[in-house]
Chemist: 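Attaching a single structure in structure tokens format; questions to follow.
Proteins come first, then strands; the chains are lettered A, B, ... in the order of their sequence lines, and each starts at number 1.
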Amino acid sequence: MTQFEQSLYNILAVIPKGKLCSYGQLAKQCGYPNHARHVGKTLSKLPKDTKLPWFRVINAQGKISLTGDSFLRQKERLATEGIEVNEQGKIVNFRHYLW
DNA sequence: GATGTGACGCCAC
DNA sequence: CGTGGCGCCACAT
């Protein structure tokens, strides 16, 4: 477990329900600016039964970066928190950024 | 080392 | 808006 991963999980765990944040913001919060890519890489390796709110992480364009089934799963998880996502993965009601 | 590949970001056009 | 280019970092070839 790297320091980066440790920090990432800690930050991610405190993102409140109904709030969002981008990969870049997360990396920065961890103290590792410019590591947005690594955030995605790390999240992709989380177990499917993780309790961490990985679905509250979107890209800097306010869209879901996943595709196929994963895309649909994240879309649904967000929907249950009152966050609407259109067919293109774009967040409709954009006012839930945490930072 | 060199190269290719991502759940990315930013700036220009 | 959509695209393209370049920067960035870890990891597998």
Chemist: Output the rounded distance in Å from CG (A:L72) to P (B:dA7).
Modeler: 16 Å
Chemist: Is the backbone N or O of A:F55 less than 3.5 Å from a side-chain atom of A:Q74, with the two atoms forming a donor-acceptor pair by type?
Modeler: yes
Chemist: With respect to the side chain of A:H38, which nucleotide from B:dA7, B:dG9, C:dA10 is positioned closest?
Modeler: C:dA10
Chemist: Quantified in whole Å, what is the C1' atom distance between nucleotide C:dG7 and nucleotide B:dG6?
Modeler: 15 Å
Chemist: What is the distance, rounded to the nearest whole Å, between atom CD of A:Q61 and atom C1' of B:dC10?
Modeler: 9 Å
Chemist: Roughly, in whole Å, what's the span from CD in A:Q25 to P in B:dG9?
Modeler: 9 Å
Chemist: What is the distance from CG of A:L26 to P of B:dG9, rounded to the nearest Å?
Modeler: 10 Å
Chemist: Counting the benzene-type ring for Trp, do A:Y32 and A:H38 have ring centres under 6.0 Å apart?
Modeler: no
Chemist: Would a distance-only check, ignoring hydrogens and angles, find a side-chain to backbone donor-acceptor pair under 3.5 Å from A:K28 to A:H35?
Modeler: no
Chemist: Does A:S22 put a side-chain nitrogen or oxygen below 4.0 Å from OP1 or OP2 of B:dG9?
Modeler: yes
Chemist: Are A:S65 and A:N59 linked by a side-chain donor-acceptor pair shorter than 3.5 Å?
Modeler: yes
Chemist: Rounded to whole Å, how long is the line connecting atom CG of A:L43 with atom P of C:dA10?
Modeler: 15 Å
Chemist: Would you sketch DNA chain C in dot-bracket for me? Only Watson-Crick or G-U wobble pairs with both distances under 3.5 Å count, crossing pairs as [ ], other-strand pairs as |, the rest as dots.
Modeler: .||||||.|||||
Chemist: Can you tell if the side chain of A:I15 reaches within under 4.5 Å of the side chain of A:L20, non-hydrogen atoms only?
Modeler: no
Chemist: Distance check, C1' atoms only: C:dA12 and B:dG1, in whole angstrom units.
Modeler: 14 Å
Chemist: Nearest 0.5 angstrom please: A:E84 CD to A:N93 CG, how far?
Modeler: 4.0 Å
Chemist: Could you state the atom-to-atom distance from CE of A:M1 to C1' of C:dA10 in whole Å?
Modeler: 16 Å
Chemist: Provide the distance between the two C1' atoms, one in C:dC8 and one in B:dT5, to the nearest whole Å.
Modeler: 13 Å
Chemist: May I ask you to decide if A:Q3's main-chain N or O and A:S7's side chain share a donor-acceptor pair within less than 3.5 Å?
Modeler: yes
Chemist: What is the distance from CD1 of A:I58 to C1' of B:dG9, rounded to the nearest Å?
Modeler: 14 Å
Chemist: Rounded to the nearest Å, what distance is computed from the NZ atom of residue A:K41 to the C1' atom of nucleotide B:dG9?
Modeler: 17 Å
Chemist: My understanding is that only one of A:K19, A:K75, A:K17, A:R56 makes a salt bridge (Lys or Arg N to Asp or Glu O under 4.0 Å) with A:E81; could you say which?
Modeler: A:R56
Chemist: Reading nucleotides 1-8 of chain C from the 5' end, what letters show protein touch, with B for base, S for backbone sugar-phosphate only, - for no heavy atom under 4.0 Å?
Modeler: ------BB
Chemist: With distance as the sole criterion, is a donor-acceptor pair present between the side chains of A:T80 and A:E76 under 3.5 Å?
Modeler: no
